[in-house]
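Single-structure report; data block below.
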Amino acid sequence: MTDPAPARHFIQQIIDADIASGKWGTPGDRTVVTTRFPPEPNGYLHIGHAKSVCLNSGLAKEFGGRFYLRFDDTNPAKEEQEFVDSICADVEWLGGEWHGPVRFASDYFPQMYEWAVELIQKGLAYVDEQPHDKIREQRGSLTEPGTPSPYRDRPIEESLAQFEKMKSGGFPDGGAVLRAKIDMASPNMNLRDPVMYRVINKPHHRTGSTWHIYPMYDWAHGLEDSIEGITHSLCTLEFENHRPLYDWFINAINQDRGPGSKFGEKIHHSQQIEFSRYNLEYTTMSKRFLKLLVDEKHVEGWDDPRMITVAGLRRRGYTREAIRNAVIEAGITKYNALTDFTKLENALRDDLNTRAPRRMGVLDPVKLVITNWGDHGDPSRLEELPAINNPEDESAGTRPVKFGRELWIERDDFMIDPPKKFFRLGPGREVRLRYAYWVTCTDFDTDADGRVTEIRCTYDPQTRGGDAPPPDADGNVRKVKGTLHWVSAADCIDATVRLFDRLFTEPRPGKRTGEILDDLNPDSLKTLTGCKLERSILKPTPDEPAWPDGIRRFQLERLGYFCFDKASTPDNPILNRSVTLKDSWAKEAAKS
RNA sequence: GGGGGAUUGGUGUAAUUGGUAGCACGACAGAUUCUGAUUCUGUUAGUUCCAGUUCGAGUCUGGGAUCCCCUACCA
């Protein structure tokens, strides 16, 4: 039996073919593969960007090629150094190892300018001095062709001079643009003499006031790829309509180039390939809306754990491996898919299940008193019992937990009048307290509202460690259905725990009413105080993995995966719930 | 009377390019379990539609439907 070769997605197949044919070099040379992640530094990265980072860097790694990080900083009006820094940090955290220095499109401005001049010289570009509105009108519509600008056929020398004037600050913002001379009647709007350069008299975060003109995306992007020798320029589906333009610009530069040409040799022409974005239910990948959530304070910031920004997911407790698996396994295709939210959650559970150390903690504590504790020794004694740190990893060993007369258990784990399928504690019922003893409920107190204030139990000393007691005289073995987590009241710490729900109540926020904020979930954050955690969680112990980002993550048994928030201190511990455990009881309970 | 892209179980994704429609998640049922977790087993359900070519079509041809993208001096 041989396993079938893992399926290769369409981009891998393209690259396989390119390598076989030697498109980028010697046939068979895989190291020619060069990819890039080209963010604009105008916001924080989200999980959609993470897909691009993982795809591009993963491909380079797979083929032994190179992966670059390049900022597409072509618009000084929108970009900031803060975002450059956060993006670098996020790419690094994701494990995207870029080759060489961080690159900037702005470093290529001089070269781009030269090529623009060349296009003017070839009669392939012209300076248009009409007002913005006029140019827009002349572009036509989806069903009607555009009309040519009166400047379209102006003499080359004139365009050259005016372009020089644009560059040196001789025009106000919007005073003139450089346009490619392509086809005003093209059914593809992008080809109706697109703007290559516009005048922006604003200092740039890296080039200062050197430039008064800045290149548009379509003109700049292919040139950046060309300069860096990118072989496969990956982008999202909405750029499909731009590919003809991407190719046109490179071809325009290469026109009349070649051996002996006064313009020089042909330049590298990388291949643009489009794939579908990562779309997730119950959220949005729109940078604009993410910014809106931050600006209008619907969340606490870009790194709010409810946000699907890389920073938010990290603070939530997501690991890079979980994110990587989620976005790549969602598939590399051209189909505009919407991914189940549970897929993301499951990716985290899968990862953390194998690595996260187990601890016990009680989120909604109710007191449990062992009434016969004093019958078997000092009533104030605390017994130390070993608890397994990670059942998935024997080498993680055990830790001692302290058990005594007074304990905290989860309020949900007790019912005054439990249904038959409820395996937990109720009057007269016996359960196991994990790693400790079996206890039987004998009594309980309630307050005036009927709320349980204290549960009283007896324990069976023969069940020490949580094991079943020996068989009785007739050979019958006692069994319990339920196992509860608990902490010792005398040896626990108080903590704040933050529980998160999805940010939106609809799978496609905004679809219902057209207004995304209408679907905002008002209960996406629940902050619990007075939660009880076993004391050992406070200090790192050797069983904890060396998390590369230093964020300590745990499973609180039976509750879910949690991590320490960045604002947590030893005096005021704060845990974020990353994701719950699957809960088939909740499903069962919801049925009735 | 515009152009571009897409469509395979509920969701997502494969199918050696014309040869048994597979995988994952979900749902359901069961087993194991000191986490109602994990793990394991089983069940469920699919080629957008209509024609055509063919011994044979998810795959090729023609036509229809539906969805996404395109009229920034944003990227």
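Every chain is numbered from 1, with letters handed out A, B, ... down the list of sequences.
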Mark up nucleotides 4-12 of chain B, 5' to 3', with B wherever a protein heavy atom is under 4.0 angstrom from a base atom, S wherever such an atom reaches only the sugar-phosphate, and - elsewhere. SSSS---BS
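Checking the phosphate oxygens (OP1, OP2) of B/rA75, a side-chain nitrogen or oxygen of A/Thr74 falls inside 4.0 Å. Distances shorter than 4.0 Å separate none of the side-chain N or O atoms of A/Lys582 from OP1 or OP2 on B/rU35. For the OP1/OP2 pair of B/rA75 and a distance below 4.0 Å, the side-chain nitrogens and oxygens of A/Arg198 include at least one atom meeting the criterion. A sub-4.0 Å separation between OP1 or OP2 of B/rA37 and a side-chain N or O of A/Ser584 is present. For A/Arg558, a side-chain nitrogen or oxygen approaches OP1 or OP2 of B/rG36 to under 4.0 Å.
Rounded to whole Å, the C1' atom of B/rA27 lies 38 Å from the corresponding atom of B/rG4. Rounded to whole Å, the separation between the P atoms of B/rG36 and B/rU32 comes to 16 Å. Comparing B/rU44 with B/rG22, their C1' atoms sit 16 Å apart, to the nearest whole Å. Comparing the same atom, C1', in B/rA75 and in B/rC70 gives a spacing of 15 Å after rounding to whole Å. The P atoms of B/rU7 and B/rG12 are separated by 12 Å, rounded to the nearest whole Å. Taking the P atom of each, B/rU39 and B/rC49 are spaced 36 Å apart, rounded to whole Å. Nucleotides B/rG64 and B/rC28 are separated by 38 Å at their C1' atoms, to the nearest Å. Comparing B/rU13 with B/rU53, their P atoms sit 33 Å apart, to the nearest whole Å.
Around atom CZ of A/Arg464, more than 12 heavy atoms belonging to other residues, nucleotides or ligands sit under 6.0 Å away. Remark: A/Lys287 NZ is packed, more than 12 non-hydrogen atoms of other residues, nucleotides or ligands lying under 6.0 Å away.
A/Glu228 and A/Arg36 are not joined by a salt bridge, as no carboxylate oxygen comes within less than 4.0 angstrom of a charged side-chain nitrogen. Between A/Glu410 and A/Arg558, no side-chain nitrogen of the basic residue sits less than 4.0 Å from a carboxylate oxygen of the acidic one, so the salt-bridge criterion is not met. The pair A/Glu62-A/Arg8 meets the salt-bridge criterion, since a charged nitrogen lies less than 4.0 angstrom from a carboxylate oxygen. A salt bridge links A/Arg206 with A/Asp107: the distance from a Lys NZ or Arg NE/NH1/NH2 to an Asp or Glu carboxylate oxygen falls below 4.0 Å. Note on A/Asp193 versus A/Arg152: salt bridge recorded, some NZ/NE/NH1/NH2 to OD/OE distance being below 4.0 Å.
Counting only heavy atoms from C-beta outward, the side chains of A/Ser106 and A/His204 approach each other to under 4.5 Å. Counting only heavy atoms from C-beta outward, the side chains of A/Arg70 and A/Ile230 approach each other to under 4.5 Å.
A donor-acceptor contact under 3.5 Å is formed by the side chain of A/Arg358 with the base of B/rU35.
If you take CZ of A/Phe37 and P of B/rA75, they are 16 Å apart, rounded to a whole angstrom. Following rounding to the nearest Å, A/Asn190 (CG) and B/rC70 (P) show an atom-to-atom distance of 10 Å. Taking atom CG of residue A/Leu223 and atom C1' of nucleotide B/rA75, one finds them 15 Å apart after rounding to whole Å. Per the geometry, NE2 belonging to A/His485 stands 18 Å off C1' belonging to B/rU33, to the nearest Å.
Classification of the A/Phe109-A/Trp211 ring pair by plane angle, with boundaries at 30° and 60°, yields perpendicular.
A cation-pi arrangement is absent between A/Arg359 and A/Phe554, since the terminal nitrogen or guanidinium carbon is not both under 6.0 Å from the aromatic centre and inside a 45° cone about the axis.
Closest to the side chain of A/Phe423, from the set B/rG36, B/rA75, B/rU71, is B/rG36. Of the candidates B/rU35, B/rU38, B/rG2, the closest approach to any side-chain atom of A/Glu392 belongs to B/rU38. The side chain of A/His9 lies closest to B/rA14 when the candidates are B/rC25, B/rC73, B/rA14. Checking B/rC73, B/rU35, B/rC74 against every side-chain atom of A/Asn75, the shortest atom distance belongs to B/rC74. Among B/rU35, B/rC25, B/rA72, the nucleotide with an atom closest to any side-chain atom of A/Arg434 is B/rU35.
Its glycosidic angle being within 90° of 0, B/rA72 falls on the syn side.
Within 4.0 Å of A/Arg424, counting heavy atoms only, lies at least one base atom of the nucleic acid. Heavy atoms of A/Asn42 sit nowhere under 4.0 angstrom from any nucleic acid atom. Among the protein residues, A/Glu137 comes within range of no part of the nucleic acid, since none of its heavy atoms lies under 4.0 Å from any strand. Nucleic acid contact class of A/Phe422 (heavy atoms, under 4.0 Å, all strands): base. Contact annotation for A/Arg139: backbone-only contact, meaning every heavy-atom pair under 4.0 Å involves sugar-phosphate atoms and none involves a base.
The aromatic ring of A/His132 stacks onto the base of B/rC73, its centre lying under 5.5 Å from the centre of the six-membered base ring with the two planes under 30° apart. Stacking here means ring centres nearer than 5.5 Å and ring planes tilted less than 30 degrees, and by that measure A/Trp585 stacks onto B/rG36.
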Based on Watson-Crick and G-U pairs with both distances under 3.5 Å, what dot-bracket line describes RNA chain B 5' to 3', crossing pairs as [ ] and inter-strand pairs as |? .((((((..((((.....[..))))((((((.......))))))...(((((..]....))))))))))).....
Could you please spell out the steps behind the ring-ring contact (aromatic ring centres under 6.0 Å, His included) verdict for A/Trp585 and A/Phe423? CA-CA 9 Å; A/Trp585 163 244; A/Phe423 302 152; 7.2 Å; no
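Taking for each of A/Gly482 and A/Asp128 the nucleotide of RNA chain B with the nearest heavy atom, the 5'-most of the two is the partner of A/Gly482. Positionally, the nearest nucleotide of RNA chain B for A/Asn188 lies more toward the 5' end than for the other of A/Asn188 and A/Lys78.
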